[in-house]
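Keep in mind it's a predicted model, so treat the numbers as computed, not measured.
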Amino acid sequence: STAKTIIGSNFVTTSQVMELSKQFSFDGSKLKFVKFAYSRTVDVNNYFKLGSIFSFDSDKKALNDFISGKH
């Protein structure tokens, strides 16, 4: 919730989202966070790079599907 509060009132870069997401222990929490942060990210063309933070292919696919749905 702290990360969402920070993101909610600021704009961030994909690199900053990546750094903040490292604070989450579970991929499910990371995925929820990066989806939330998408609308506050100034360089969403780089968002695909966040796939590297996930351990499971299913989470990487979920992120890619989310990004595809936004374009």
Legend entry - ILVMFWY cluster, Val12 and Phe66 together (side-chain gap under 4.5 Å): yes

Inset, instruction - Check for a donor-acceptor pair, side chain of Arg40 on one end and backbone N or O of Asn10 on the other, with a separation under 3.5 Å. - result: yes

Inset, instruction - Look at the side chain of Asp27 and the backbone N and O of Ser55, then say whether any donor-acceptor pair between them is shorter than 3.5 Å. - result: yes

Legend entry - Within-4.5 Å side-chain heavy-atom neighbours: Leu50 and Val17: yes

Legend entry - Step-by-step side chain to side chain contact (heavy atoms under 4.5 Å, CB included) determination, Met18 to Ser52: CA-CA 9 Å; Met18 187 176 291; Ser52 67; 4.0 Å; yes

Inset, instruction - First locate atom OG1 of Thr41, then atom CG of Asn46, and finally report the distance between them rounded to the nearest 0.5 Å. - result: 10.0 Å

Legend entry - Spatial distance of atom OG (Ser21) from atom CG (Leu31) [nearest 0.5 Å]: 10.5 Å

Inset, instruction - Verify whether one side chain among Asp43 and Thr13 offers a donor that lies under 3.5 Å from an acceptor in the other. - result: no

Legend entry - Check: Leu63 and Lys60 side chains under 4.5 Å, non-hydrogen atoms: no

Legend entry - Closest non-hydrogen atom pair, Phe24 against Ser29: CD2-CB, 3.7 Å

Inset, instruction - Determine whether Val42 and Val34 fall in the same hydrophobic cluster, where Ile, Leu, Val, Met, Phe, Trp and Tyr are linked whenever their side-chain heavy atoms lie under 4.5 Å apart. - result: no

Inset, instruction - State the NZ-NZ distance between Lys35 and Lys70, to the nearest 0.5 angstrom. - result: 9.5 Å

Inset, instruction - List the atom of Gln16, the atom of Phe11, and the distance in Å for their closest heavy-atom pair. - result: OE1-O, 4.4 Å

Inset, instruction - Kindly work out whether a path of hydrophobic side-chain contacts (I/L/V/M/F/W/Y, heavy atoms less than 4.5 Å apart) joins Val44 to Phe36. - result: yes

Inset, instruction - Taking side chain to side chain contact (heavy atoms under 4.5 Å, CB included) as the test, write out the residues that go with Leu20, two or more places apart. - result: Ile7, Phe33

Inset, instruction - For the pair Asp57 and Lys61, find out whether any cationic side-chain nitrogen is under 4.0 Å from an anionic carboxylate oxygen. - result: no

Inset, instruction - To the nearest 0.5 Å, tell me how far Asp59 CG sits from Asn64 CG. - result: 11.0 Å

Inset, instruction - Can you measure from NZ (Lys22) to CD1 (Ile53) and round to the nearest 0.5 angstrom? - result: 9.0 Å

